[in-house]
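One structure is given here, and the rest of the page talks about it.
Indexing begins at 1, ligand by ligand and atom by atom, following the structure's order.
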Amino acid sequence: MKFFIDTADLAEIKSLASSGLLDGVTTNPSLIAKSGRDFKEVIKEICSIVPGPVSAEVAGTEYEQIMKEANVLRKIADNVCIKVPLTPDGLRACRHISDDGTMVNVTLCFSAAQALLAAKSNASFISPFVGRVDDIGWDGMQLISDIVEIYQNYSFKTEILVASVRGPNHVIEAAKMGAHVATLPPAVLRALFNHPLTDKGLAQFLKDWQGTGQSIV
Ligand code: E4P
């Protein structure tokens, strides 16, 4: 399973990139606004830190405007992945941008039917938002399970990018289902490391080691 990080915070990205665990980055207009930085500059900087796909979302909703913005964004770096909304215009743009050889991430997916449309539009990634589905009392992980089954039935190349992840359980459930990617808020990626028995075991080992009076170097 690939791990993308869901943030536009450069300090977080630099820190987590050094872990060797990052395969890509996703951003959205809300995350860019939160960063307080210039959109294109931030994307350029992120692309220079993380070699994998870096999703940059268009702001336009009409086909022509989406294509104009995509043409600007795709020139920022080779690893820019154009993020388009799951709308008729967004999917029409997806088809053309993909055919031109640029990766496309179709975002704001909330149903298996939408995911099917994105795969048929040649998307590189489909982003189902599991947390937001859970938020309205539906089952976000059932959505992932449905998409995995449908994509496997037809051997679609589109990768399932589990988005709106709220905690480690979403990641584990998605991994069990075989989703290709999870995009994680930094806090969720850090939480994956945690287990109280690891902390307890390490404290005991360190105490016992100090008791030996030895040093390795
Ligand atoms: C994914 O690409 C989105 O940026 C993100 O996962 C949305 O998550 P949220 O529902 O926590 O805003």
query: Would you say the side-chain atoms of Tyr154 pair up with the backbone N or O of Ala119, donor to acceptor, closer than 3.5 Å?
result: no
Side-chain touch Leu22/Leu189, heavy atoms, less than 4.5 angstrom: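 The answer is yes, as the side chains (C-beta and beyond) meet within the 4.5 Å cut-off.
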message: So for Glu57, does at least one of its heavy atoms come nearer than 4.0 angstrom to any atom of ligand 1?
response: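 No; Glu57 lies far enough from ligand 1 that no heavy-atom distance drops under 4.0 Å.
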field: Heavy-atom gap Asp6 to ligand 1 smaller than 4.0 Å
entry: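 Per 4.0 Å heavy-atom rule, Asp6 contacts ligand 1.
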- prompt: So, Glu45 and Lys40, do they make that salt bridge, N to O below 4.0 Å?
  reply: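 Salt bridge between Glu45 and Lys40, a charged N being under 4.0 Å from a carboxylate O: no.
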Residue Ala163 vicinity, atoms of ligand 1 by number, heavy atom under 4.0 Å: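 Answer for ligand 1: 1 (C), 6 (O).
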message: Using a 4.0 Å cutoff against the non-hydrogen atoms of Arg132, which atoms of ligand 1 qualify?
response: 7 (C), 9 (P), 10 (O), 12 (O)
field: Where Ser145 and Met177 come nearest, the two heavy atoms and their spacing
entry: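 What the structure gives for the nearest pair is N-SD, 3.6 Å.
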field: Minimal non-hydrogen separation, Val42 against Ser35, with atom names
entry: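 Closest approach of Val42 to Ser35, heavy atoms only: CG2-OG, 4.3 Å.
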CG/Asp78: more than 12 non-hydrogen atoms of other groups inside 6.0 Å: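 12 or below, so no.
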Protein heavy atom at shortest distance from [atom]:
atom                    : answer
atom 11 (O) of ligand 1 : Arg166 NH1, 2.9 Å
atom 4 (O) of ligand 1  : Asn28 ND2, 2.7 Å
atom 7 (C) of ligand 1  : Phe129 CE2, 3.6 Å

- line: Separation between CG (Asp99) and OG (Ser121), nearest 0.5 Å, reads 10.0 Å
Decide whether an N or O pair under 3.5 Å exists between [X] and ligand 1.
X      : result
Thr27  : no
Thr183 : no
Lys83  : yes
Ser127 : no

Intermediate values then yes/no, ring pair (Phe, Tyr, Trp, His ring centres under 6.0 Å), His96 and Tyr63: CA-CA 10 Å; His96 284 94; Tyr63 171 77; 5.7 Å; yes
